[in-house]
Amino acid sequence: MAPSPTGRFHLGSARTALFDYLLARKTGGQFILRLEDTDQKRFVEGSEEEIMRSLDWLGITPDESPLHGGTFGPYRQTERRDLYQQRANELVQKGSAYPCFCSPERLDQSRKEQESRKVDRVRYDGLCRALDPSDAAKRVASGEKYVIRFKMSHEGATTAHDHLRGDIVTENKYLDDTVILKSDGLPTYHLAAMVDDHEMEITHVLRGSEWLPSFPLHVNIVRAFGWDEPVWIHLSIFLKPSGKGKMSKRESAEAMKDGHSIFVDDFKGLGYTPEGVLNWIALMGWGVAEDDVMSLDEMIQRFSIDTLTPSPAAINFQKLDHFNGTHIRLLTTEDLSARIKPYFVAAGLPVEDEALMKITPLIRERLVTLDDCLAFASFFFKEDVSPNPDELIAKGLDAKQSAEIAKKCLEILSALSDISHQVTEPPMRAYVESAGLNANQVFGILRVAVTGQKVSPPLFESMEIIGREKVLSRLRNAITSLENMNMSP
RNA sequence: GCCCCCAUCGUCUAGUGGACUAGGACGCAGCCCUUUCAAGGCUACGACCGGGGUUCGAAUCCCCGUGGGGGCACCA
């Protein structure tokens, strides 16, 4: 994959990377990370690191990259600049490209003039294309500033083959003499990517469909060199959840508001798992008929470029939540425990591994994101809980009645020396039965008293983990709280 | 404005001329389970953009519309 370090690493790039990775693993190839950093003006500090960090987190670390080295390095285009200059000159020698000395000002003027004439397509006017090659060479040698443009044929048409879309035929009259080497000596994408793909022996080019308009240019460049073409695959782009337009910065701000993001590096902090994110993005642009919950290994097994889809896909965060929850439930207790522990630590709670291993099975199927563990299990590690007095009152009862029930619960539980759920549940149920109450009412009071919240993991198992002394003291506090309410109407 | 791509439930998709009464997943609704919340199970709702062809037969092939998306830089 070949992203440019000009901003944050987003979902679209991640999906391309995933498919690159799957294809490489499937076919025994290498998954290479190449940084397209030829636009020094747009370079963003830290984005190279973010790209690599994101890939690592997803679990699709490149086999070869600026970090890992490899046989096809260097993997940063700015470190390969001589190569592009040689290749650009090669094209000039062959008559497939030419130096252009036009100033940005002249180009700008020409553009404006064409616009005023309302031409169908504004393009280079060809002034330097008409130059005598030896004259041009002399001007280059004399140190005059220049760029190199690809000499596009004006006649005929270009047929480019996309693996998903078939032949794409474009009349050459719609094509332009695009700049392939800039005046700073660095190549534009068009040259750099073609040269590197050839040098690095890239067999499949997977990229976003925003490259489709320059696709004819690219095949023309490859053909001008006389090289074999890779398999070209233009993936659909990701649309915003509404399906109207592609994801934008504005949209990402919206997503952040409800705990989502379009940047891979944000997902960890949001409580998402690599498994969930991977599964989610895999299914956008890849048609899997059934059994769509897949691990990375299963994806490798099932991947094929023939089952990729060309149509644009609206992203759907609800589906991400679904896959995240599903993959969380697939984790072993050890694994899940290790993944949620940092959240308790970060919250300043004294988490103990032994207790955590007991808690994890209780909350596993309740988690959508890992950080949900805090809402479901913080009370286990707190010294005290402070329930909302109103919530201690059971439905259909008043504070006095609720206090009576709480007292009875205390009586029953304090009589037991063993507080394991097998021991506590039968007498409690017997009490509910004999008192003519319903389980919701009694267990509800107990739940709020002991956990401090209306929603919690299963009550009796929870009490067992909290421990006898804490359970009893929390219950006593609840009784006091209810009685105080009673006195102040 | 010009060029290009795309088109099946609200969303992601299966479907490659007859196996389609169009399948799955998310979401949504209901039921079951149940001490809360979930999870799980079951059921319901829900689509071939329109019009022409081709063919004995079209969701599938062709054409034209329409709609959506992308692109028109010394950015990638």
Side-chain angles (χ1 to χ4, degrees), chain A residues 2-7 36-39 41-42 100 102-104 107-108 111 115 118-123 145-149 162 164-165 168-171 173-176 178-190 192-193 207-216 234 236-237 239 241-246 280 283-293 307 309-323 325-326 329 363-368 372 375-376 425 428-429 432 438-444 446-448 451 453-460:
Chain A
S4 59
T6 52
E36 312 222 318
D37 58 347
T38 56
D39 187 354
K41 290 186 289 291
R42 291 205 308 155
C100 170
C102 296
S103 68
L107 259 19
D108 202 44
R111 236 188 305 268
E115 275 162 11
K118 298 222 194 302
V119 295
D120 283 347
R121 186 186 157 129
V122 175
R123 72 180 114 173
K145 267 211 159 215
Y146 70 100
V147 300
I148 291 179
R149 290 179 182 274
D162 177 273
L164 304 181
R165 301 156 205 266
I168 294 169
V169 182
T170 311
E171 289 187 61
K173 66 179 179 185
Y174 294 122
L175 272 18
D176 199 1
T178 311
V179 172
I180 56 175
L181 194 80
K182 299 181 278 184
S183 59
D184 63 3
L186 283 166
T188 58
Y189 170 87
H190 314 296
R207 37 147 53 165
S209 66
E210 67 268 22
W211 289 108
L212 241 18
S214 49
F215 188 20
H234 291 88
S236 62
I237 54 156
L239 271 21
S242 65
K244 305 274 179 204
K246 65 173 175 181
W280 177 51
L283 259 24
M284 287 187 279
W286 177 15
V288 173
E290 264 151 73
D291 300 322
D292 59 3
V293 175
T307 52
T309 57
S311 41
I315 66 171
N316 180 348
F317 290 116
Q318 287 178 318
K319 204 145 185 168
L320 167 63
D321 286 342
H322 165 255
F323 279 119
T326 302
R329 271 170 256 133
I363 63 173
R364 173 186 280 124
E365 61 248 24
R366 280 154 246 266
L367 305 179
V368 172
D372 287 343
F376 280 113
E425 189 163 351
M428 285 302 299
R429 285 202 182 275
V432 168
N438 68 50
N440 261 345
Q441 293 174 312
V442 178
F443 297 168
L446 196 52
R447 166 174 287 109
V448 175
T451 69
Q453 52 201 53
K454 292 182 82 162
V455 173
S456 82
L459 183 56
F460 296 102

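Here is how names work: the chains are called A, B, and so on, in the same order as the sequence lines, proteins then strands, and each is numbered from 1.
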In whole Å, measure the gap between the [atom1] atoms of [N] and [M] for me.
N	M	atom1	value
C28(B)	U66(B)	P	37 Å
U60(B)	C20(B)	C1'	11 Å
G46(B)	A7(B)	P	25 Å
C5(B)	A25(B)	P	35 Å
C72(B)	U8(B)	P	26 Å
A76(B)	G71(B)	C1'	13 Å

Once ring pair (Phe, Tyr, Trp, His ring centres under 6.0 Å) is applied, do any residues pair with Phe443(A), and if so which ones, sequence neighbours excluded?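 Testing Phe443(A) for ring pair (Phe, Tyr, Trp, His ring centres under 6.0 Å), a comparison that skips the adjacent residues, returns Phe460(A).
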
For the side chain of [X], counting heavy atoms from C-beta on, which of [options] is nearest?
X	options	answer
Val455(A)	C5(B), C37(B), A39(B)	C37(B)
Glu425(A)	U11(B), U35(B), G24(B)	U35(B)
Arg366(A)	U13(B), A38(B), U35(B)	A38(B)
Arg447(A)	C12(B), A7(B), U36(B)	U36(B)
Phe376(A)	G24(B), U13(B), C37(B)	C37(B)
Phe460(A)	U35(B), U36(B), C12(B)	U35(B)

Could you identify the nucleotide paired to G1(B), looking across every strand shown and requiring Watson-Crick or G-U wobble geometry with both distances under 3.5 Å?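 By the stated definition (distances under 3.5 Å), C72(B) pairs with G1(B).
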
Tell me the partner of C48(B), counting only Watson-Crick (N1-N3 plus N6-O4 or O6-N4) or G-U wobble (N1-O2 and O6-N3) with both under 3.5 Å; none if nothing fits.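 Answer to the pairing question: none, since C48(B) forms no Watson-Crick or G-U pair.
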
Classify every nucleotide of nucleotides 66-76 of chain B by which part a protein heavy atom approaches to under 4.0 Å, writing B for the base, S for the sugar-phosphate alone and - for neither, in 5'-to-3' order. ---SBSS-BBB

With the sugar-phosphate defined as primed atoms, P, OP1 and OP2, and the base as all remaining atoms, what B/S/- string results for nucleotides 27-34 of chain B, 5' to 3', for protein heavy atoms under 4.0 Å? S-------

Once you apply a heavy-atom cut-off of 4.0 Å, does Pro457(A) come out as touching a base, just sugar-phosphate, or nothing? base

